2 protein chains.
Amino acid sequence: MSKKCKYALKALIRLGKEYGGGNLLTDDIAISEHIPKKFLEQILLDLKHAGYVRSKQGSKGGYRLVQEPSQITLAEIHRLFDGAIALVPCVSQKFYEACDDCPDEKSCRLKKIFIDVREKTYALLSGVTIKTFLEGSPTLNIPAKKQKI
Amino acid sequence: MSKKCKYALKALIRLGKEYGGGNLLTDDIAISEHIPKKFLEQILLDLKHAGYVRSKQGSKGGYRLVQEPSQITLAEIHRLFDGAIALVPCVSQKFYEACDDCPDEKSCRLKKIFIDVREKTYALLSGVTIKTFLEGSPTLNIPAKKQKI
DNA sequence: TAACTTATCTACTAATTCTATAGAGTTAAT
DNA sequence: ATTAACTCTATAGAATTAGTAGATAAGTTA
């Protein structure tokens, strides 16, 4: 995950704390989350254009979250800042691209498996929301075997 | 996933077809898998150094797989070529790095969740092996809810 | 209205990573 | 010896990442 995406996540979590309340300044978020301010400005703009936050200019301005924290998923944020969830572009839903090393996509032996991996990854990342981070209790919807990594 | 990692996977699958049999030339793999030969050379060397394949030089030389296809997981190959499985370096097992935007790692609200995501991702990627690709039947060990992506 | 505050937008840059390519060297078979 | 094939290191162009800079627009307050 890119730093940009991680910063976006931290900003959303910070804004999520104030959900339903007042605005937060870029500066406040930059300082409390240790994010370079000018970089954060771009990120907040991206989040605004994607509809997650709204802003107000001038004195007493700032940003506020306008979507329910429980509805903002890690999958969406990842797509917005880091692109495809799929491991290979030829099985991506939102960022499809043909592989130049694959003469016949229909008979590709990788594709079926990678679609399966994509679906499971999506399910995993969709189970994590801004609310998850705010509560600290993962409500991930996929049970995994307990194992040593 | 980088092209290098994808090429490595395809090479392993191709070698997996001959598992227990004879050698394959770099050229054979390059042609059948549509991988730039000189790039593939590097990849096969990496796979050799990691212990997945062995090689023989000179005439009648080539590469052969020396680990069971069922024991070579997507998780391992990903780590070898693309690095960490974790989304953020501060929760990575094999590629740990501290975050410079995190003053106190112990109280980081992202960490617990990202460890959970890492573990589930690892389980997912560990369920896919070279054998999986050879058989075309995913034996992924994590059931996911069927859902529209 | 003027001054001040804060978001908006575009452009730019340095560093790193990715995707190869090049070429010399090494080992083995015939 | 000659040929075939792997081995290793270096290099280079393109793309991406992680910011920085600066001008502009919009809103508040005195």
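All of these numbers come straight from a predicted model, not from anything done at the bench. Protein chains get the first letters and strands the later ones, always in sequence-line order, with residue 1 at the start of each. Only this structure's heavy atoms are used, side chains among them; waters, hydrogens and symmetry mates stay out.
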Inset, instruction - Flag yes if Val128(B) and Tyr19(B) sit in one hydrophobic cluster, no otherwise; membership is Ile, Leu, Val, Met, Phe, Trp, Tyr, and two members link when side-chain heavy atoms are under 4.5 Å apart. - result: yes
So do the side chains of [X] and [Y] get within less than 4.5 Å of each other, counting heavy atoms only?
X	Y	result
Ser32(B)	Arg14(B)	yes
Val88(B)	Lys3(A)	no
Asp82(B)	Met1(B)	yes

Inset, instruction - Taking only the side-chain nitrogens and oxygens of His49(B), find out if one of them lies under 4.0 Å from OP1 or OP2 of dT7(D). - result: no
Inset, instruction - State whether Ser55(B) places a side-chain N or O below 4.0 Å from either non-bridging phosphate oxygen (OP1 or OP2) of dT7(D). - result: yes
Length of the [atom1]-[atom2] vector between [X] and [N], whole Å:
X	N	atom1	atom2	result
Glu97(A)	dA15(D)	CD	P	12 Å
Arg64(B)	dA5(D)	CZ	P	17 Å
Asp46(B)	dT7(D)	CG	P	11 Å
Glu41(B)	dT7(D)	CD	C1'	8 Å
Lys60(A)	dT28(D)	NZ	P	10 Å
Leu47(B)	dT7(D)	CG	C1'	15 Å
Arg54(A)	dG27(D)	CZ	P	15 Å
Asp101(B)	dA18(D)	CG	C1'	13 Å

Inset, instruction - Remember a base hit wins even if backbone is also touched, and classify Lys38(A) as base, sugar-phosphate or nothing at under 4.0 Å, heavy atoms. - result: base
Legend entry - Whichever of Phe81(A) and Lys56(B) has its nearest DNA chain D nucleotide further upstream toward 5':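 In this pair, the answer is Lys56(B).
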Legend entry - Whichever of Gly58(A) and Phe39(A) has its nearest DNA chain D nucleotide further upstream toward 5':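 Closer to the 5' end of DNA chain D: Phe39(A).
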Inset, instruction - Please state whether the base of dT9(D) and the side chain of Gln42(B) form at least one donor-acceptor pair under 3.5 Å? - result: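 Answer no: no donor N or O sits under 3.5 Å from an acceptor.
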Taking NZ, NE, NH1 and NH2 as the nitrogens, is one of them in [X] or [Y] under 4.0 Å from a carboxylate oxygen of the other?
X	Y	answer
Asp46(A)	Lys4(A)	yes
Lys120(A)	Asp116(A)	yes
Glu41(B)	Lys38(B)	yes

Legend entry - Pair Leu74(B)-Leu124(B), side-chain contact (heavy atoms from CB on, under 4.5 Å): steps then yes or no: CA-CA 9 Å; Leu74(B) 185 50; Leu124(B) 171 56; over 6 Å; no
Legend entry - Where chain A begins and ends its contact with DNA chain C, read 5' to 3' at 4.0 Å from heavy atoms: dT5(C) to dA11(C)
Legend entry - With Glu105(A) via side chain to side chain donor-acceptor pair (under 3.5 Å) - residues at least two apart: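 Expected list: Tyr96(A), Lys111(A).
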Legend entry - side chain to side chain donor-acceptor pair (under 3.5 Å) partners of Asp101(B), counting only residues at least two apart: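 Once residues adjacent in sequence are excluded, the partners of Asp101(B) under the side chain to side chain donor-acceptor pair (under 3.5 Å) criterion are Lys6(A), Lys10(A).
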Legend entry - Polar contact flag, side-chain donor to acceptor under 3.5 angstrom, Tyr52(B)-Glu76(B):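 Yes, because at least one side-chain N or O of Tyr52(B) sits under 3.5 Å from a partner of the opposite role on Glu76(B).
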Scan the side chains in residues 57-70 of chain A for donor-acceptor partners under 3.5 Å anywhere in the protein, sequence neighbours excluded, and list what turns up.
{"residue": "Gln67(A)", "atom": "NE2", "partner": "Gly51(A)", "partner atom": "O", "Å": "3.2"}

Legend entry - Five-pair end axes of the helix from dT1(C)-dA30(D) to dT30(C)-dA1(D) and the angle they enclose, rounded to 10°: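 Roughly 10°, once rounded to the nearest ten degrees.
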Legend entry - Leu45(B) side-chain proximity, nearest of dC8(D), dG27(D), dT20(D):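 Comparing dC8(D), dG27(D), dT20(D) against the side chain of Leu45(B), the answer is dC8(D).
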Inset, instruction - Please list residues of residues 3-37 of chain A whose heavy atoms come under 4.0 Å from any atom in DNA chain C, ordered by number; otherwise none. - result: Leu25(A), Thr26(A)
